[in-house]
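Take a look at the structure set out below.
Because only heavy atoms are used, hydrogens play no part in the values below, and waters and symmetry mates are left out as well, while side chains stay in. Letters A, B, ... mirror the listed sequences (proteins, then strands); counts begin at 1.
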There are 2 protein chains.
Amino acid sequence: MPIWEYVSAMARAATTSDAWNAVAEPQRRRILTLLRGGERPVNEVARALSIDQPRASKHLRVLREVGLVRVREEGKQRLYALDARGLRPIHEWVGGFERFWSESLARLDVYVRGLAEKEKRR
Amino acid sequence: MPIWEYVSAMARAATTSDAWNAVAEPQRRRILTLLRGGERPVNEVARALSIDQPRASKHLRVLREVGLVRVREEGKQRLYALDARGLRPIHEWVGGFERFWSESLARLDVYVRGLAEKEKRR
DNA sequence: GAAACATATTCCCATATCGGCATGATGCAA
DNA sequence: TTGCATCATGCCGATATGGGAATATGTTTC
């Protein structure tokens, strides 16, 4: 885990370090969706997603590190549970664009019309 | 741009290829936020974020490729405008977890209590 | 056409990431 | 203790990424 603060030539922004990046991975999104149905042991997660166990463990680790998931030990199993609180900031940020969804359509219309004009004038 | 379908040993999932990943980058989020105020030429974006022009261009390119932004040529400038439609799926997916935000708190409570029990029993 | 300005692209580097496979680590049961 | 089951990690390979710096491309103005 690099100490970005002290690295002068930062190569790539840390990725798996926040909910945004954790959720950018399709498999991890599927895992979170699965966990809405309640806590699950690793093997079950792996089976549900049709991936091997190491892969499931790794994804779960990322999710755990960014706090989107919690682990509970139960015998030889590890039950992972959803902790959706970290998704809230994302929802709010994206929500700030809600009002632009429809506007975008209108603007796109103008945009396309502009292109058409440009073509005609050629 | 790799043809994932035909690559057997996929190394890393394509990243800058969808809105999820585009938005996972803080700078790009700032750009999108800025563009809510209307279209802007590259230089203005760069200045607003205190980054150099090439960097701004690169980020804008990613945003353009995933469709979150549109370009319009105006003289020697290129005006970038927000196209927020691509954010909608994200908002909806994340919204599906809304109901779990408060629950997570409750569950966390149970979780912590469990840990305490465990300690006591030690 | 040359100079000036706005923007895009390219190259290089350090590093992160995901998948695959093999190997540890730990708990439980016989 | 020995297996067996459930996970977690480590290592490798291929590749993507973001920053920095330099350079190319395109447009307007003289």
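Comparing Gln27(A) and Gln77(B), the nucleotide of DNA chain C nearest to each residue sits closer to the 5' end for Gln77(B).
Atom CD in Glu65(A) sits roughly 13 Å away from atom P in dA16(C) (whole-Å rounding). Taking atom CD on Glu74(B) and atom P on dA6(C), their separation rounds to 14 Å, with Å as the unit. To the nearest angstrom, P of dT17(D) lies 18 Å from CH2 of Trp20(A). Rounded to a whole Å, the CZ atom of Arg72(B) is 17 Å from the P atom of dA6(C). Following rounding to the nearest Å, Leu79(B) (CG) and dT27(D) (C1') show an atom-to-atom distance of 14 Å. The distance from atom CD of Glu25(A) to atom C1' of dC18(C) is 7 Å, rounded to the nearest whole Å. The CZ atom of Arg64(B) sits 6 Å away from the P atom of dT9(C) (whole-angstrom rounding). Asn21(A) places its CG atom 18 Å from the P atom of dT15(C), with the value rounded to the nearest Å.
Counting only residues at least two apart or on different chains, no ring pair (Phe, Tyr, Trp, His ring centres under 6.0 Å) pair has a member in residues 45-74 of chain A.
With sequence neighbours left out, the salt bridge (Lys or Arg N to Asp or Glu O under 4.0 Å) criterion links Arg88(B) to Glu92(B). Partners of Arg64(A) under the salt bridge (Lys or Arg N to Asp or Glu O under 4.0 Å) rule, at least two apart in sequence or in another chain, do not exist in this structure. Take Phe97(B) and apply the ring-ring contact (aromatic ring centres under 6.0 Å, His included) test, not counting sequence neighbours, and it matches Trp93(B).
For dT17(C), neither phosphate oxygen OP1 nor OP2 lies less than 4.0 angstrom from any side-chain nitrogen or oxygen of His59(A). Contact between the side-chain N/O atoms of Arg61(A) and the OP1/OP2 oxygens of dT9(D) is found at a separation under 4.0 Å. Remark: Tyr80(A) is not in phosphate contact with dT6(D), judged by side-chain N or O atoms under 4.0 Å from OP1 or OP2.
Note on Arg61(A) versus Glu65(A): salt bridge recorded, some NZ/NE/NH1/NH2 to OD/OE distance being below 4.0 Å.
A heavy atom closer than 4.0 Å to some atom of DNA chain C occurs in Gln53(B), Pro54(B), these being the qualifying members of residues 46-55 of chain B.
Listed nucleotides dT9(D), dA6(C), dC7(D) differ in distance to Asn43(B); the shortest reach to its side chain belongs to dA6(C). Closest approach to the Ser57(B) side chain among dG27(C), dC7(D), dA8(C) is made by dA8(C) (side chain taken as heavy atoms from C-beta onward).
Between the side chain of Lys58(B) and the base of dT10(C) there is at least one donor-acceptor pair of N/O atoms closer than 3.5 Å.
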Can I get a per-line list of side-chain donor-acceptor pairs under 3.5 Å for residues 40-49 of chain B, giving both atom names and the distance, sequence neighbours left out?
from, atom 1, to, atom 2, distance (Å)
Arg40(B), NE, Glu44(B), OE2, 3.3
Arg40(B), NH1, Gly37(B), O, 3.4
Arg40(B), NH1, Gly38(B), O, 3.2

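Distance CZ/Arg29(B) to CG/Leu63(B): 11.5 Å, rounded to 0.5 Å.
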